[in-house]
Structure formats: C-alpha cells, structure tokens
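The structure under discussion appears below in the form of structure tokens.
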Amino acid sequence: MNDVTPVTEAQKIKPVPTLPDAQTVTEVKHWTDRLFSFRCTRPASMRFRSGEFVMIGLMGGPDPKTGKQKPLLRAYSIASPSWDEELEFYSIKVQDGPLTSKLQHIQPGDEIILRPKPVGTLVHDALLPGKRIWFFATGTGFAPFASLLRDPQTYEDYDEVIITHTCREAGELVYGAELIEGIKNDELLRELIGDENLAKLKYYPTTTREESPKMGRITDLMRSGEAFTDLGVEPLNPETDRAMICGNLAFNLELKEMLEDYGLEEGANSDPKHYVVEKAFLD
Ligand SMILES: Cc1cc2nc3c(=O)[nH]c(=O)nc-3n(C[C@H](O)[C@H](O)[C@H](O)COP(=O)(O)OP(=O)(O)OC[C@H]3O[C@@H](n4cnc5c(N)ncnc54)[C@H](O)[C@@H]3O)c2cc1C
Ligand SMILES: NC(=O)c1ccc[n+]([C@@H]2O[C@H](COP(=O)([O-])OP(=O)(O)OC[C@H]3O[C@@H](n4cnc5c(N)ncnc54)[C@H](OP(=O)(O)O)[C@@H]3O)[C@@H](O)[C@H]2O)c1
C-alpha cells in the first residue's frame with residue numbers, strides 16, 4: 001500500500017506554500033475543550049511506518065531582539081496509517097501551551113509546518129513475531145494506535161489485537177471509540193483489512209474520574225485480573241504476547257514494570273523484543 005502517491009484534492013488546489021515545509025490543513029474536529037484532531041496534506045515524497053511521529057508546528061512570533069520568526073515545533077504521533085493519502089493528528093489543547101494555544105485555532109486552508117522526518121519506536125519492526133498484540137494508551141497516547149489500528153499489517157501479523165484506552169473523562173474516549181466504530185463500518189477499511197481480520201480486534205476503554213461502563217486504571221484492572229476476565233483472554237505471556245505502550249510517564253513506567261513481571265522484554269528498532277514504549281508527552 002505504501003506506493004500510493006499521496007496527492008489530495010487539497011494539494012491540487014493549494015496556494016504556493018508560504019512556510020518552510022508547509023502543509024495545508026484539510027479538516028479539523030474538536031472532540032472536547034481539551035482535545036481536537038485535524039488532517040492535512042501529505043508531502044508527496046514522505047514515507048513513514050504506522051506508529052511513528054514527526055515534528056509539526058507553526059511559525060512563532062518575531063524574536064524581540066532580532067525580529068526574526070522561528071518555527072515553533074513539537075513532536076506529534078501520526079494518527080493516520082501509512083497508506084493514507086493525507087496525514088491525521090490527534091492533539092491536546094494546553095491553554096497556555098506555546099504551540100497548542102495557537103494550533104487549536106487552525107481552520108481548513110491554513111498552513112502548518114511539518115518536518116517530513118518520521119521516527120519512533122512504536123513500529124511493528126521493533127517487535128518479535130507473536131500471536132497477540134496489546135496497544136496500551138492513556139489520553140492522546142491513543143494517536144499512534146489510531147495509525148496502527150488502520151494498518152492491515154497489524155491484523156496480518158497477529159491472531160488477536162487488543163487496544164486499551166484509559167482517560168479521566170468519558171468525552172476523552174470519543175475520538176478512539178468513533179475510530180474503532182469507523183474501522184468496523186468503513187467500506188474501504190473493511191475491504192483493506194478484511195472482516196475476518198477485523199474480528200480479531202478487541203477494544204477496552206476505561207475512565208478514572210467520570211462514570212462510564214468500565215471504570216479504573218488499566219494497570220489496576222490488570223492487576224486484579226478484571227481486565228482479562230472482561231476481555232475473555234489469558235494474562236500476558238512472553239511466548240505469545242507483544243505490546244506497545246503510549247501514555248503519561250507514570251503510566252508508562254508502571255506498565256513497563258508490570259510487563260517485565262510477566263516476563264516480557266523491551267525491544268527497539270535495532271533489537272526487536274516483546275514490547276516497546278513511547279511517551280505521549282514530555283513530563
Ligand atoms: C514522542 C512524542 C509524541 C507526541 N505526540 C503527541 C500527539 O500525538 N498529540 C499530542 O497532543 N501531543 C503529543 N506530544 C506532546 C507534544 O509534543 C506537545 O507537548 C503538545 O502539543 C503541547 O505543546 P505546547 O507547546 O502547547 O505545550 P508544551 O510546552 O509542549 O507542554 C505544556 C504542558 O502540557 C502538558 N501536555 C503536553 N502534551 C500533552 C498531551 N499530549 N496530553 C496531556 N498533557 C500534555 C504537559 O504537562 C506539558 O508540560 C508528543 C510528545 C512526544 C515526546
Ligand atoms: N483530563 C482533564 O480533564 C484535565 C483537565 C484539566 C487539566 N488537565 C491536566 O492536563 C494534564 C494531562 O491530563 P490528562 O488527563 O490528559 O492525562 P493524565 O493525567 O496523564 O491522565 C490520563 C489517564 O491516565 C491515568 N493514569 C495516570 N497515571 C497512571 C498510572 N501510573 N497507571 C495507570 N493509569 C494512569 C489517569 O488516571 P487517574 O485519573 O487515576 O490519574 C487518567 O485516566 C495533567 O497535568 C492535568 O492536570 C487535565
């Protein structure tokens with residue numbers, strides 16, 4: 001699928017770029033007062049592996065001394081799969097955040113800066129072959145999995161695909177819930193992935209601070225065994241299970257320790273093993 005030339009309608013009509021590495025925003029959706037997603041054009045030559053991240057941003061204000069403008073860039077997981085002709089991002093809105101206080105106001109037709117150098121550890125290449133893959137996310141840590149869940153390779157490589165998403169409030173689960181619903185109902189995705197493969201997908205959303213059908217941190221639900229009972233699966237085993245983790249630092253560290261206790265070892269692009277981790281944000 002990677003040889004599809006990513007030329008979109010928006011690219012065809014886009015004005016001459018005014019920013020370095022400029023891409024044009026094609027769609028913006030606001031999910032809560034703290035979360036939004038957007039799509040933009042994809043550089044024609046940009047290839048990436050589902051799960052990787054890039055640096056994106058906007059031009060910053062003029063430097064008070066030199067008057068020069070510098071790009072204000074941040075790491076963002078690409079939420080769209082590698083075959084998609086456009087790029088999608090799922091973003092926090094930090095009210096006093098240097099980038100997202102401005103980025104949250106983008107509209108279709110606006111330009112963003114995108115450095116087309118994708119990197120990251122949440123890629124299939126960093127894991128040894130296995131039977132079951134777990135994607136563990138909190139908050140915007142869902143973004144790389146939004147990419148991997150729409151990649152046919154995920155279903156070709158594993159017999160079972162389990163995605164867990166823990167957020168404080170129910171509204172913060174909606175982007176993920178709609179995406180999963182979309183995968184099961186979208187004709188293109190169903191054709192691409194196959195109904196038989198889609199039956200491998202299990203979704204386990206939980207909230208911690210607002211009532212929802214399943215409450216609790218995924219770590220606690222695994223420790224008590226409740227998550228495995230709910231999902232109807234056996235606990236993790238290094239022989240069969242592979243995992244990717246993306247969330248806040250405390251979550252990543254706690255889950256990493258739990259996976260090590262199950263006997264799983266951390267892998268990397270250069271040294272594939274049983275699980276990989278990436279931060280959803282820096283602190
Ligand atoms: C590898 C990597 C991938 C990332 N991918 C994404 C992504 O896909 N989507 C995304 O929204 N952010 C992502 N981030 C975080 C992103 O780089 C920025 O931090 C974020 O966009 C806020 O930028 P800012 O300049 O507004 O505020 P910053 O100055 O960057 O952050 C201000 C504070 O806001 C909080 N914060 C920052 N990002 C988040 C977040 N995502 N969720 C909750 N709290 C946060 C932190 O407490 C941080 O100290 C990623 C970070 C890393 C390291
Ligand atoms: N989400 C909001 O409504 C909100 C509103 C205003 C400001 N903020 C601020 O924004 C920042 C990020 O908030 P966020 O909600 O996006 O992300 P977060 O604080 O990282 O929490 C996301 C989810 O991860 C869970 N979690 C945290 N540590 C964990 C661990 N060690 N193991 C398992 N699960 C763990 C949280 O559960 P717990 O709830 O049990 O911690 C929550 O359900 C924070 O500084 C926060 O103060 C958030």
Side-chain angles (χ1 to χ4, degrees), residues 28-40 48 50-61 70-80 87-106 112-115 117-123 136-148 164-176 179 204-212 214-224 227 244-259 276-283:
V28 183
K29 282 189 185 172
H30 292 269
W31 299 93
T32 71
D33 58 352
R34 297 183 64 247
L35 293 166
F36 71 113
S37 62
F38 62 94
R39 292 175 67 84
C40 68
F48 69 97
S50 296
E52 288 187 313
F53 69 87
V54 282
M55 302 301 292
I56 65 168
L58 295 169
M59 204 48 109
K70 273 207 307 195
L72 178 56
L73 300 172
R74 292 285 185 268
Y76 267 81
S77 295
I78 303 170
S80 46
L87 297 172
E88 182 175 318
F89 297 97
Y90 179 48
S91 180
I92 193 79
K93 304 176 198 175
V94 183
Q95 288 320 324
D96 56 356
L99 178 65
T100 57
S101 59
K102 298 195 183 82
L103 193 68
Q104 62 180 284
H105 301 296
I106 53 168
I112 60 154
I113 304 168
L114 185 144
R115 297 275 188 255
K117 294 194 179 72
V119 287
T121 54
L122 303 180
V123 290
F136 294 107
T138 64
T140 57
F142 189 87
F145 305 135
S147 173
L148 285 153
T164 82
H165 191 196
T166 301
C167 294
R168 294 180 179 204
E169 295 168 11
E172 296 168 333
L173 292 170
V174 176
Y175 171 79
L179 187 128
Y204 196 66
T206 79
T207 58
T208 50
R209 304 198 190 191
E210 191 187 32
E211 197 79 33
S212 78
K214 192 78 213 174
M215 294 204 59
R217 290 179 166 194
I218 186 65
T219 40
D220 295 337
L221 293 164
M222 284 167 69
R223 235 179 251 113
S224 70
M244 296 193 190
I245 307 173
C246 191
N248 68 69
L249 183 60
F251 167 77
N252 285 5
L253 292 175
E254 197 174 323
L255 199 51
K256 205 167 128 78
E257 205 177 306
M258 288 179 69
L259 296 193
V276 279
V277 189
E278 204 152 78
K279 282 183 212 163
F281 52 96
L282 273 182
D283 44 78

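The figures that follow rest on heavy atoms only: side chains count, while hydrogens, waters and symmetry mates do not. In each ligand, atom 1 is the first atom listed, and ligand 1 is the first ligand listed.
Ionic pairing of Arg209 and Glu172 is not present here: no N-O contact between side-chain nitrogen and carboxylate oxygen is shorter than 4.0 angstrom.
Closest to atom 49 (O) of ligand 1 among all protein heavy atoms lies Asp283 OD2, 2.4 Å. Among all protein heavy atoms, the one lying closest to atom 22 (C) of ligand 1 is Thr100 CG2, 3.8 Å. With hydrogens left out, the protein atom closest to atom 41 (O) of ligand 2 is Arg217 NH2, 3.0 Å, a heavy atom. Here the protein heavy atom with the shortest distance to atom 17 (O) of ligand 1 is Ala75 O, 2.7 Å. Nearest to atom 8 (N) of ligand 2 among the protein's heavy atoms is Arg34 NH2, 3.7 Å. Looking only at heavy atoms of the protein, atom 37 (O) of ligand 2 is closest to Thr208 OG1, 3.3 Å. Shortest contact from atom 53 (C) of ligand 1 to any protein heavy atom: Leu282 CD2, 3.9 Å. Protein heavy atom nearest atom 20 (O) of ligand 2, with residue, atom name and distance: Asn248 ND2, 2.7 Å. When hydrogens are left out, the protein atom nearest atom 24 (O) of ligand 2 is Thr138 CG2, 3.3 Å; that is the closest non-hydrogen contact. Protein heavy atom in closest approach to atom 28 (P) of ligand 1: Arg74 NE, 3.9 Å. In this structure, atom 41 (N) of ligand 1 lies nearest to the protein heavy atom Thr140 OG1, 2.7 Å. For atom 15 (O) of ligand 2, the nearest non-hydrogen atom of the protein is Arg168 NE, 2.9 Å.
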request  = Determine, stepwise, if the pair Leu255 / Met258 fulfils side-chain contact (heavy atoms from CB on, under 4.5 Å).
outcome  = CA-CA 5 Å; Leu255 199 51; Met258 288 179 69; 4.2 Å; yes

ask   = Run the side-chain contact (heavy atoms from CB on, under 4.5 Å) check on Ile112 and Leu58 step by step: do they pass?
value = CA-CA 5 Å; Ile112 60 154; Leu58 295 169; 4.0 Å; yes

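Ser80 and Glu88 get closest at one heavy-atom pair: OG-N, 2.9 Å. Taking each heavy atom of Tyr90 and Gly139 in turn, the nearest pair found is CE2-O, 4.2 Å. Across Leu99 and Gly57, no two heavy atoms sit closer than the pair CD1-CA, 3.8 Å. Shortest non-hydrogen contact noted between Gln95 and Asp33 is NE2-O, 3.8 Å.
Heavy-atom proximity to Lys279, at under 4.0 Å, picks out these atoms of ligand 1: 1 (C), 2 (C), 3 (C), 52 (C). If you number the atoms of ligand 1 from 1 as listed, the ones under 4.0 Å from a heavy atom of Leu99 come out as 24 (P), 25 (O), 26 (O). Shown in contact with Glu254 at under 4.0 Å from a heavy atom are these atoms of ligand 2, numbered in order with element: 30 (C), 31 (N), 32 (N). When each atom of ligand 1 is checked for a heavy atom of Pro98 under 4.0 Å away, the hits are 24 (P), 25 (O), 26 (O), 27 (O), 29 (O). Less than 4.0 angstrom separates some heavy atom of Glu169 from each of these atoms of ligand 2: 3 (O). Atom numbering of ligand 2 starts at 1 in the shown order; those under 4.0 Å from a heavy atom of Ala250 are 31 (N). Ligand 1 places these atoms under 4.0 Å from at least one heavy atom of Ala143: 8 (O). With ligand atoms numbered from 1 in the order given, ligand 2 contributes 32 (N), 33 (C) to contacts under 4.0 Å with heavy atoms of Thr219. Less than 4.0 angstrom separates some heavy atom of Glu172 from each of these atoms of ligand 2: 1 (N), 2 (C), 3 (O).
Nearest-heavy-atom check against atom 35 (C) of ligand 1 across Val54, Leu73, Val94 picks out Val94. By heavy-atom distance, the residue among Ser147, Ser77, Ser101 lying nearest atom 5 (N) of ligand 1 is Ser77.
Taking 4.5 Å as the limit, some side-chain heavy atom of Ile218 sits within range of a side-chain heavy atom of Phe251. For the pair Arg217/Thr206, no side-chain contact is recorded, criterion being any heavy-atom separation below 4.5 Å from C-beta on. Looking at Phe281 and Val94, their side chains never come closer than 4.5 Å, going by heavy atoms from C-beta outward. Within the 4.5 Å cutoff, side-chain heavy atoms of Ile245 are placed close to those of Leu259. Here the side chains of Arg39 and Lys29 are not in contact, with every heavy-atom distance at 4.5 Å or above. In this structure, the side chains of Phe38 and Ile106 come closer than 4.5 Å at one or more pairs of heavy atoms. Here the side chains of Lys214 and Leu221 are in contact, with some heavy-atom distance below 4.5 Å. Side-chain contact between Phe53 and Glu278 is present, with heavy atoms from C-beta onward closer than 4.5 Å.
Judged by distance alone, the side chain of Ser147 and the main-chain N or O of Gly51 form a donor-acceptor pair under 3.5 Å.
Ala280 counts as a contact of ligand 1, since one of its heavy atoms falls under 4.0 Å from the ligand.
Protein heavy atoms are found inside the 4.0 Å sphere centred on atom 10 (O) of ligand 2. Under the 4.0 Å distance rule, the nearest protein heavy atom to atom 31 (O) of ligand 1 falls outside the cut-off.
Between Phe281 and ligand 2, no pair of N/O atoms sits closer than 3.5 Å. For Thr166, no nitrogen or oxygen atom sits less than 3.5 Å from a nitrogen or oxygen atom of ligand 2, counting backbone and side chain alike. Looking at ligand 1, you won't find any N or O of Glu278 less than 3.5 Å from one of its N or O atoms.
The proximity of Phe281 to ligand 1, defined as any non-hydrogen pair under 4.0 Å, involves the side chain as well as the backbone. With a 4.0 Å cut-off on non-hydrogen atoms, Ala280 does not touch ligand 2 at all. Under 4.0 angstrom from ligand 1, the non-hydrogen atoms of Ile92 come from both its backbone and its side chain. Using a 4.0 Å cut-off between heavy atoms, Tyr90 contacts ligand 1 through its backbone alone, with no side-chain atom that close.
Checking each of Arg168, Met215, Glu169 against Thr208 for a side-chain contact (heavy atoms from CB on, under 4.5 Å) leaves exactly one that passes, namely Arg168.
Ring planes of Phe142 and Tyr175: perpendicular class, angle over 60° (limits at 30 and 60°).
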